[in-house]
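The block underneath contains the structure these notes are about, expressed in structure tokens.
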Amino acid sequence: MRQISPTHLNAYKSGQLSKLFKVIIEDPELSFEIRKDNQVMIYYRKDKILTIKESKKGDFNFEILDPEYYKGGIGPTTFFDKDNKDYTLQHTTDLRAYFNQAKKLAHAYKIGLEFEVQQKIALGNHSFNNRFVVVDMEWQFSQEGLKDRISKTRIDLVIVDTLKNKEGLNDIYLAELKVGLVATEGRSGTIDHVNKTFEIINKPEACCALRKDVENIIKQKKELGLLDGECPDLVFACKPKMMLILAYRCKKEKEQLETSANDAINHAHEIGMSAPIVIHHNALITLNV
């Protein structure tokens with residue numbers, strides 16, 4: 001279950017982690033995500049650059065950027081180890097320095113437009129004054145202890161619809177983001193993801209886990225001020241739906257992404273799945289005076 005303890009939550013609000021939390025939420029390139037086992041993970045462009053865990057003793061341990069990102073080079077010079085973390089957590093300059101260093105290393109290791117667009121979509125949809133609210137990134141169904149397993153997949157964005165559907169329920173969307181032409185190459189671009197999403201939709205344990213995660217994340221992110229607006233009375237549908245977000249930068253990309261979306265819709269009909277909702281996103285920047 002994606003949830004943190006009350007002591008962990010309060011540490012961000014007014015306790016030991018409050019300065020760290022302030023640095024994170026003031027940086028639009030960072031995402032604060034609640035995870036299972038009482039953990040919080042901080043992402044930059046889909047890369048995990050800090051993990052915060054509360055121990056059974058009630059203190060906090062940190063996992064910094066994986067050394068894989070700077071093989072043979074110099075890693076971040078700000079320390080979160082046992083002997084230095086208390087000092088680091090009290091000094092905003094050191095905290096900012098860590099994230100700046102970690103972002104540069106992650107950016108150099110893996111540059112990706114799709115990650116940047118995903119981050120911006122999440123940041124642009126964190127208010128209940130909008131129809132759609134992004135509540136989580138990189139969601140994955142934990143299949144620990146299950147005998148009848150399904151294909152492993154990570155969901156780019158988990159999105160809640162604040163408008164009720166025809167049954168008077170709020171839909172949860174499992175959103176897949178595609179940016180540009182490369183994203184549509186091969187069956188894994190669309191068809192494979194439809195199949196994997198269909199497996200989640202038809203797995204009662206996955207649907208139950210998703211609803212619980214969404215409820216917990218909304219409650220705790222609201223308390224931390226990470227979601228804006230007045231939260232409506234949300235009653236979630238039993239099964240999630242699929243969403244395709246297609247980001248294009250030219251006419252050719254838009255046309256090919258539309259073809260890819262039609263393939264996904266046709267395949268969904270073939271396997272007896274509700275057609276995914278498709279959202280087109282113009283990634284170009286128009287200048288207005």
Side-chain angles (χ1 to χ4, degrees), residues 1-3 33-34 36 118 121-122 124-143 146 148-178 190-223 226-246 257-258 260-281:
M1 186 180 299
R2 296 195 173 195
Q3 186 177 22
E33 302 299 343
I34 295 167
K36 67 175 189 173
Q118 177 178 332
I121 290 172
N125 296 274
H126 59 67
S127 173
F128 287 103
N129 296 327
N130 301 331
R131 175 178 174 180
F132 295 114
V133 180
V134 175
V135 298
D136 198 16
M137 295 170 57
E138 302 300 305
W139 185 84
Q140 186 173 30
F141 172 47
S142 174
Q143 304 185 63
L146 288 183
D148 185 18
R149 296 187 169 229
I150 60 177
S151 302
K152 287 185 178 181
T153 188
R154 288 185 183 274
I155 303 301
D156 289 338
L157 297 164
V158 175
I159 298 175
V160 166
D161 193 340
T162 62
L163 293 183
K164 305 289 187 186
N165 60 24
K166 292 180 180 179
E167 288 74 39
L169 302 172
N170 297 95
D171 287 313
I172 298 173
Y173 286 98
L174 304 178
E176 172 76 356
L177 172 64
K178 299 295 181 187
T190 51
I191 305 302
D192 184 57
H193 195 79
V194 170
N195 289 334
K196 289 178 178 178
T197 303
F198 192 50
E199 287 187 73
I200 293 174
I201 290 172
N202 286 292
K203 189 72 172 175
E205 295 92 337
C207 295
C208 181
L210 176 66
R211 290 197 306 275
K212 287 181 178 178
D213 282 345
V214 167
E215 289 167 355
N216 289 331
I217 290 169
I218 288 176
K219 179 181 178 180
Q220 296 195 320
K221 282 193 171 182
K222 277 290 292 180
E223 190 168 346
L226 296 174
L227 295 174
D228 301 331
E230 188 65 31
C231 183
D233 181 23
L234 299 171
V235 182
F236 296 117
C238 292
K239 293 185 176 183
K241 295 180 179 179
M242 183 177 178
M243 178 186 290
L244 281 174
I245 304 173
L246 309 177
L257 286 168
E258 287 175 344
S260 179
N262 288 333
D263 289 343
I265 291 170
N266 291 335
H267 184 69
H269 288 152
E270 290 173 2
I271 62 177
M273 171 180 163
S274 296
I277 182 174
V278 179
I279 295 179
H280 297 279
H281 170 66

ask   = Does the side chain of Thr197 come within less than 4.5 Å of Met273's, by heavy atoms?
value = yes
Nearest atoms (heavy-atom pairs only) where Asp136 meets Glu33 = OD1-OE1, 3.1 Å
query = Just wondering, are more than 12 heavy atoms of other shown residues or ligands nearer than 6.0 Å to NZ in Lys222?
reply = yes
key: Pair Leu177-His281, side-chain contact (heavy atoms from CB on, under 4.5 Å): steps then yes or no   = CA-CA 10 Å; Leu177 172 64; His281 170 66; over 6 Å; no
query = So how far is it from Cys238 SG to Arg211 CZ, rounded to the nearest 0.5 Å?
reply = 5.5 Å
note = Rounded to the nearest 0.5 angstrom, the CG-CD1 distance for Leu174 and Ile155 is 4.5 Å
query = If we only count heavy atoms from C-beta on, is the Leu210 to Val158 side-chain gap below 4.5 Å?
reply = yes
query = Side-chain contact, heavy-atom cut-off 4.5 Å: Val134 with His126?
reply = no
ask   = Can you tell me how far CG of Asn266 sits from CD1 of Ile271, rounded to the nearest 0.5 angstrom?
value = 11.5 Å
ask   = Side chains of Glu230 and Phe128: closer than 4.5 Å at any heavy-atom pair?
value = no
message = One pair to check against side-chain contact (heavy atoms from CB on, under 4.5 Å): Asn125 and Ile159. What are the steps and the verdict?
response = CA-CA 9 Å; Asn125 296 274; Ile159 298 175; over 6 Å; no
key: Minimum side-chain heavy-atom gap Asn195-Ser151 below 4.5 Å   = no
ask   = Say you draw a straight line from CD1 of Ile34 to CD1 of Ile218; how long is it, rounded to the nearest 0.5 Å?
value = 10.5 Å
query = Taking side chain as C-beta onward, heavy atoms only, is Val194 less than 4.5 Å from Met242?
reply = yes
key: Lys/Arg-Asp/Glu bridge criterion (N-O < 4.0 Å) met for Glu199, Lys152   = no
request  = Check the pair Lys164 / Val235 against side-chain contact (heavy atoms from CB on, under 4.5 Å), numbers first and verdict last.
outcome  = CA-CA 8 Å; Lys164 305 289 187 186; Val235 182; 4.1 Å; yes
inquiry  = Side chains of Val135 and Lys221, heavy atoms from C-beta outward: is any pair under 4.5 Å?
reply    = no
key: Separation between CG of Leu244 and CG of Leu257, rounded to the nearest 0.5 Å   = 9.5 Å
ask   = Has the side chain of Lys178 got a donor or acceptor atom that lies under 3.5 Å from a matching backbone atom of Thr190?
value = no
query = Do Asn202 and Lys239 have side-chain heavy atoms sitting under 4.5 Å apart?
reply = yes
query = So, Asp213 side chain and Arg2 main chain: donor-acceptor pair closer than 3.5 Å or not?
reply = yes
ask   = Is the backbone N or O of Phe236 less than 3.5 Å from a side-chain atom of Asn170, with the two atoms forming a donor-acceptor pair by type?
value = no
ask   = Roughly how far, to the nearest 0.5 Å, is the CG atom of Asp156 from the CD atom of Glu138?
value = 6.0 Å
query = Looking only at heavy atoms, what is the nearest atom pair of Cys207 and Pro240, with distance?
reply = SG-CD, 3.6 Å
message = Can you give me the closest heavy-atom contact between Gln140 and Thr153, atom names plus distance?
response = CG-O, 3.4 Å
request  = Return the minimal non-hydrogen interatomic distance between Asp263 and Ile191, and the atom names on each side.
outcome  = O-CD1, 3.6 Å
key: Worked verdict on Lys212 versus Gln3 for side-chain contact (heavy atoms from CB on, under 4.5 Å)   = CA-CA 9 Å; Lys212 287 181 178 178; Gln3 186 177 22; over 6 Å; no
task = Could you walk me through whether Ser142 and Lys36 pass side-chain hydrogen bond (donor to acceptor under 3.5 Å, both in side chains), step by step?
result = CA-CA 9 Å; Ser142 174; Lys36 67 175 189 173; 2.9 Å; yes
Least distance between heavy atoms, Ala206 atom then Ile200 atom = CB-O, 3.8 Å
ask   = Under 3.5 Å, side chain of Thr162 to main-chain N/O of Phe132, donor-acceptor pair present?
value = no
task = Over all heavy atoms of both residues, which pair between Ala175 and Ile245 is shortest? Give the atoms and the distance, please.
result = CB-CD1, 4.1 Å
query = Any luck finding a side-chain donor-acceptor pair between Asp171 and Asn165 under 3.5 Å?
reply = yes
